[in-house]
Amino acid sequence: MHRYRTHTCGALRADNIGSTVRLSGWCHRIRDHGGVLFIDLRDHYGLTQIVADPDSPAFKTAEKLRAEWVVRVDGRVRRRPDGTENPDLPTGAVEVFATDIEVLGPASELPMPVFGEQEYPEEIRLKYRFLDLRRERLHRNIMKRGAIIDSLRRRMKSQGFFEFQTPILTASSPEGARDFLVPSRLHPGKFYALPQAPQQFKQLIMISGFDRYFQIAPCFRDEDARADRSPGEFYQLDVEMSFVTQDDVFDAVEPVLRGVFEEFADGKPVTPKFPRIPYGEALRSYGTDKPDLRNPIRMQDVTAHFRSSGFKVFASMIASDPAVEVWAIPAPKGGNRAFCDRMNAWAQGEGLPGLGYIFWREGEEGGAGPLAKNVGIERSEAMRNQLGLTVGDAAFFVAGRPKDFIRFTGPARAKIAAELGLIDRDRFEFCWIVDFPMYEWNEEEKKIDFSHNPFSMPNLPPEEFLRLDPADKEKILGLKAIQYDIVCNGVELSSGAIRNHRPEVMKKAFAIAGYDESVLEQKFGGMLHALSLGAPPHGGIAPGIDRIVMLLCGEENLREVVLFPMNQRAEDLMMGAPSEVTPKQLRELHIRLNLPK
RNA sequence: GGGGGCGUAGCUCAGUUGGUCAGAGCGUCGGCCUGUCACGCCGAAGGUCGCGGGUUCGAGCCCCGUCGCUCCCGCCA
């Protein structure tokens, strides 16, 4: 007989009745009835009920056991008495009558229980992560994460992608997030940086002629955490392809994501064909570049209805500034004053002067509310028709320059839909966001900046781009990049682009953003050189693994799908990282500390 | 760096207008219990109400400061 077990705790069935078995595991739950005692023995595979009574030589040991002790149990499998089977357990038809119990690993009093669903403070959960990981939910999430990554790999490989490893110790890169630095012992005063993403490496892999790259890539960024952004490190399904257009990237990646979501979504519907929404349209319809398409509300421009209307506040704003627009947020089923007033109060809490509204009730043509009276029946009806609303519905209105109120309309749309219960949570709604602007105006520094990735190809023929006048601000700010995002349920899952593989276009692109050619040479010299020695057109994308797993596990926080996460202040409470190091270590690295007071 | 929320027993929380308000459930420990699976019953231990200061005859409660956790903004090409 094996030293520790003949079966796992999830294995025994009615077929095993009568056989002598050996199990090892944790004492999940102990129910001591005095004369008879039950132990739910748990391992990775499941639970098996162990029974002991005074006839058993193991009884005395069994009485001493406590929660989470690790034990080896020998016994005979027997059918549970009629009426005591547990249909909730795969092993629920049988139990093991213990003849011998050996304590393999006793446990002192637990800082948090494994059994039960009791919520525990994050700090304790992180410090005793191994206990938390024994709990069913986290254990299941982590296993699901592994299965998802397996599935991603399988799907990528079946499309001819090949997995490459890229360096972890590399060079600090300008632009982007703050780097994690690693001091060099051999080169006093110099530092490696951990890669924020293998961006340049994957492009170099294409330039090296490998054609289809992917990697489950660790990425490191020293930025502050969010619920959906781990501090420090996270993983991407990093992808790059040669000789491709945007459509080719979409055709390669969309089936992978759709497939993995369909596989792990537990039957929840997944968008069959991801719609493509231009960045500008996303802002106008949803108030954000990562719209939650489970929310059916789409905003509309209703400026024309308010121009020269009886609602003087909006009419005079429109008259005084051609940039002023009025947007409507339709609120189906929101047609009552209590709801409208509540939303108005919420808006004021958000720092807006207020949220004008019209709502439509039975037998009240032209709608109700102060705004309706002022614009009049005809305009009110025209708006109701444009918005496709009916009796029982409402619409909210914001006026001003879109760039000033846009950061408010996204949350307003989300709030209204949430309050009205318009969001079907049990589905995965994907879309591509395309046509991102190449540049944006930096108001503080009065200059043109890259809007996103400086390596993206501008969506303009090279000859035309090279002829651009850097002073032609309007044209430059109107330029699109061949850059795209994937958004699912309002979560930005990935970002990608067709890369700028033409050195002269790259130089021009950086020049427009105010970077001297010498700066470009200094910062991206290696890359520029590689592009000038025969670079294929190429592009790619990098879906965030942690966020995919989070969505598929139905979790709201990345820490629920990462094995050993850091807390929000980027500390590992279990390992005690970051930690101080010895003076000797510092000396070898030529580092002297200069700590804040 | 900034803002919001939270902080009462090991855990989850209640605590009214500032006046028996030091409480419940779970857990732990002890006792009883031969069919439970959130076992049950009886009992016990366990709290500087995050910390410091202030107002008051009196503070868990009000005020100021501070620390911790969390969510958000900044940041995240």
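Within every chain, numbering begins at 1; the chains are lettered A, B, ... in the order of the sequence lines, protein sequences first and strands thereafter. Predicted model, so just to flag it, every value in this text is computed and none were measured. Atom set for the values below is all heavy atoms of this structure, side chains included, hydrogens, waters and symmetry mates excluded.
Under the 3.5 Å distance criterion, with hydrogens and angles disregarded, no donor-acceptor pair is assigned to the side chains of A:Asp43 and A:Thr8. A:Tyr120 and A:Gln118 form no side-chain donor-acceptor contact under 3.5 Å, judged by distance and modelled atom types alone. A donor atom on one side chain and an acceptor atom on the other are found under 3.5 Å apart for A:Asn141 and A:Glu555. With no hydrogens or angles considered, no side-chain donor-acceptor pair links A:Gln568 and A:Arg559 at under 3.5 Å. For the residue pair A:Gln49/A:Thr91, the side-chain donor-acceptor check at 3.5 Å is not satisfied. Using a 3.5 Å distance cut-off with no hydrogens or angles, the side chains of A:Asp179 and A:Gln196 do pair a donor with an acceptor.
Nearest-nucleotide assignment on RNA chain B puts the 5′-proximal partner with A:Met112, out of A:Asp53 and A:Met112. Between A:Pro454 and A:Arg80, it is A:Arg80 whose nearest contact on RNA chain B lies nearer the 5' terminus.
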Between the protein and nucleotides 70-76 of chain B, list every N/O to N/O distance that falls short of 3.5 Å.
unit_1	atom_1	unit_2	atom_2	d
B:C71	OP1	A:Asn557	ND2	2.6
B:C71	OP1	A:Arg559	NH2	3.0
B:C71	OP2	A:Gln568	OE1	3.4
B:C71	OP2	A:Gln568	NE2	3.1
B:C72	OP2	A:Ala227	N	3.0
B:C73	OP2	A:Arg226	NE	2.7
B:G74	N7	A:Arg226	NH2	2.8
B:G74	O6	A:Asp224	OD2	3.3
B:G74	O6	A:Arg226	NH1	3.3
B:G74	O6	A:Arg226	NH2	3.3
B:G74	N1	A:Asp224	OD2	2.6
B:G74	N2	A:Asp224	OD2	3.4
B:C75	O2'	A:Glu223	OE1	2.6
B:C75	O2'	A:Glu223	OE2	3.3
B:C75	O2	A:Arg229	NH2	3.0
B:C75	N3	A:Arg229	NH1	3.3
B:C75	N3	A:Arg229	NH2	3.0
B:C75	N4	A:Arg226	NH2	3.4
B:C76	O2	A:Arg229	NH1	2.5
B:C76	N3	A:Arg229	NH1	3.3

At a cut-off of 3.5 Å, list every protein nitrogen or oxygen paired with a nitrogen or oxygen from nucleotides 28-31 of chain B, distance to 0.1 Å.
unit_1	atom_1	unit_2	atom_2	d
B:C29	OP1	A:Arg66	NE	3.0

Polar atom pairs (N or O), protein with nucleotides 41-43 of chain B, under 3.5 Å:
none

If you restrict it to nitrogen or oxygen atoms, what contacts under 3.5 Å exist between nucleotides 44-50 of chain B and the protein, and what is each distance?
none

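Atom P of nucleotide B:U36 and atom CZ of A:Phe97 are separated by 17 Å, given to the nearest angstrom. Here the P atom of nucleotide B:A38 and the CG atom of A:Asp40 are 9 Å apart, to the nearest Å. Separating the CD1 atom of A:Ile124 from the C1' atom of B:G27 is a distance of 13 Å, rounded to the nearest angstrom. Atom-to-atom, NE2 of A:His33 to P of B:G40 comes out at 9 Å; the value is rounded to the nearest Å. One can place CZ of A:Arg125 at 14 Å from C1' of B:U12, the figure rounded to the nearest angstrom.
Look at the C1' atom in both B:U28 and B:G46: the space between them is 9 Å, to the nearest Å. Atom C1' of B:C73 sits at a distance of 49 Å from the matching atom of B:C37, rounded to the whole Å.
At a threshold of 4.0 angstrom between heavy atoms, the contacts of A:Phe450 with the nucleic acid are absent. Note on A:Glu85: a base of the nucleic acid sits closer than 4.0 angstrom, heavy atoms only. Across all strands, A:Glu117 comes closer than 4.0 Å to no nucleic acid atom at all (heavy-atom distances).
Aromatic ring pairs are classed by plane angle as parallel below 30°, tilted from 30° to 60° and perpendicular above 60°; the pair A:Tyr484 and A:Trp432 is perpendicular. Note on ring orientation: taking the six-membered ring where Trp is involved, the planes of A:Tyr213 and A:Phe164 are tilted (angle from 30° to 60°). Under the 30°/60° scheme for interplanar angles, the aromatic rings of A:Phe510 and A:Tyr515 are found to stand perpendicular.
Using a 4.0 Å cut-off on heavy atoms, none of the residues of residues 489-502 of chain A approach RNA chain B.
Across all their heavy atoms, A:Arg499 and A:Ile541 have their closest contact at NH2-N, 3.8 Å. In plain terms, the two heavy atoms of A:Ala542 and A:Lys202 that are nearest each other are CB-NZ, 4.4 Å.
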Cut-off 3.5 Å, no hydrogens considered: what does the side-chain donor-acceptor table look like for residues 72-79 of chain A, sequence neighbours left out?
unit_1	atom_1	unit_2	atom_2	d
A:Arg72	NE	A:Asp74	OD1	3.4
A:Arg72	NH1	A:Glu102	OE1	2.6
A:Arg72	NH2	A:Asp74	OD2	3.4
A:Arg72	NH2	A:Asp100	OD2	2.3
A:Asp74	OD1	A:Arg22	NE	2.7
A:Asp74	OD2	A:Arg22	NE	3.4
A:Asp74	OD2	A:Arg22	NH2	3.0
A:Arg78	NE	A:Glu95	OE2	3.1
A:Arg78	NH2	A:Glu95	OE2	3.3

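For the pair A:Lys473 and A:Trp441, the cation-pi criterion (under 6.0 Å, within 45° of the ring axis) is fulfilled.
Contact between the side-chain N/O atoms of A:Arg31 and the OP1/OP2 oxygens of B:U36 is not found at any separation under 4.0 Å.
Around atom CD of A:Glu136, no more than 12 heavy atoms belonging to other residues, nucleotides or ligands sit under 6.0 Å away. Crowding of A:Glu440 atom CD: a count of heavy atoms from other residues, nucleotides or ligands under 6.0 Å exceeding 12.
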Practice problem: Check step by step if ring-ring contact (aromatic ring centres under 6.0 Å, His included) holds for A:Phe524 and A:Phe455. | Solution: CA-CA 10 Å; A:Phe524 300 108; A:Phe455 297 119; 5.1 Å; yes
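Using the Watson-Crick or G-U wobble rule with both distances under 3.5 Å, B:A38 pairs with nothing in any strand shown. Pair check for B:U56 finds none; no Watson-Crick or G-U wobble contact set falls under 3.5 Å. Across the strands present, B:G18 finds no partner; the criterion is a Watson-Crick or G-U wobble pair with both atom distances under 3.5 angstrom. If you check B:G74 for Watson-Crick or wobble pairing at under 3.5 angstrom, you find it has no partner at all. Partner assigned to B:A9 is none, using Watson-Crick or G-U wobble distances below 3.5 angstrom. Checking B:G43 for Watson-Crick or G-U wobble geometry (two distances, each under 3.5 Å) identifies B:C29 as its partner.
Between A:Met457 and A:Gln483, the closest side-chain pair of non-hydrogen atoms is not below 4.5 Å.
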